[in-house]
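One structure below.
Side-chain atoms are counted along with the backbone in the values below, which use heavy atoms only and exclude waters and symmetry mates.
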Amino acid sequence: VRFGVVRFPGSCDEVDALLACRRFGEAQLLWHKERDLAGVDAVVVPGGFSYGDYLRAGAIARFSPLMESVIEFARAGGPVLGICNGFQVLCEAGLLPGALLPNRSLRFVCRQVDLVVENADTAFTCACESGDRLSVPVKHTTGRYHAPGIPDKQIVLRYAPGQNPNGAQDDIAGVCNREGNVVGLMPHPEHAVDPLTGSADGGRLFESVALRVPAVAPVA
Amino acid sequence: VRVRILIRPKQGILDPQGQAVEQALQALGFEQARNVHVGRLIELDVDDVRDVPEMCQRLLANPLIEDYEILPGEAGAEARRAA
């Protein structure tokens, strides 16, 4: 599988995302001003503060030239993962339902949390079983998910009982689109890919898409 | 012409920032301050105010979580008619 990792001005987790992807396939960065997705099989929209988070987190990044191509790729069924700020961007782009609001505490939270897999039938959770627990860090200020009426099957990950760090509706940590090819989550799986740093559970998300797109196409 | 747009959290959505400001006001002795909400004001100059509602809908406000209001004023009245 060949991953493309988006880099906006203000991204800060794109290198960790790139290294996480490389554990399971090939990966390259994609610059926000380009329109060409370089033939990648999957796109990761990483965390950070794209365009300074001005106006609302993700609101301006969503209109970047590259995102127009990512939206087209996602609508055609291509696997797209949005992490933290990337999740905010995908919500603003209308690829995922709902919106992210400031944490209930109004504080930046940075801690390891347990996630429960609710839907193991998406492009990024198919290496998991429903009910699996994943230990992954969160670090954000605007992570309170809000999506009244979201269908249950679009809830992909929840914070384990008692661990909701931001006041998110129904403990929701991650969601998908109706088709399951676009997934977004506030926690950072790319920071949990090596037991050396406490947990390798986050790797399961990247592994999932590698299972769906197994072979790396030879470079022409 | 100058246009001013007020954006505020949608009613019913928890607004911890408004709550924090309310508590701070009450701590200062202004016990009568209630239902505090914090929004933002966007000011801009435009040639054609009829485009302003679309600017609000596509970028300036997120209709899931925010309401927008084009504020009164000569230009505002025309922009609101375009909505």
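When the shell of 6.0 Å around CZ of Phe108(A) is examined, it contains more than 12 heavy atoms from other residues, nucleotides or ligands. Within a 6.0 Å radius of CG in Asp51(B), other residues, nucleotides and ligands contribute more than 12 heavy atoms. With a 6.0 Å radius and a threshold of 12 heavy atoms from other residues, nucleotides or ligands, Glu179(A) has its CD atom above the threshold. The 12-atom threshold is exceeded at CZ of Phe63(A), counting heavy atoms of other residues, nucleotides or ligands nearer than 6.0 Å. Within 6.0 Å of the CD atom in Glu43(B), the count of heavy atoms belonging to other residues, nucleotides or ligands exceeds 12. A 6.0 Å sphere centred on CD of Glu72(A) holds no more than 12 heavy atoms belonging to other residues, nucleotides or ligands.
Considering only heavy-atom pairs separated by less than 4.5 Å from chain A, the leading option among Ile7(B), Ile13(B), Ile42(B), Asp15(B) is Ile13(B).
Judged by distance alone, with hydrogens and angles left aside, the side-chain atoms of Arg62(A) form no donor-acceptor pair with the main-chain N or O of Leu59(B) at under 3.5 Å.
Neither the backbone nor the side chain of Gln19(B) comes within contact range of chain A; no heavy atom of the residue lies under 4.5 Å from a heavy atom of that chain. For Leu64(B), the parts lying near chain A are the backbone and the side chain together; criterion is any non-hydrogen pair under 4.5 Å. Contacts of Leu101(A) with chain B are made by side-chain atoms alone, with heavy-atom separations under 4.5 Å and no backbone atom involved.
Side chains of Arg40(B) and Leu55(A) form a contact here, defined as non-hydrogen atoms less than 4.5 Å apart.
For Pro16(B) against Pro102(A), the heavy-atom pair with the smallest separation is CG-O, 4.4 Å. Taking all atoms of both residues into account, the shortest heavy-atom contact from Leu60(B) to Arg56(A) is O-NH1, 3.1 Å.
To the nearest 0.5 Å, atom CD of residue Glu92(A) and atom CG of residue Asn62(B) are 4.5 Å apart.
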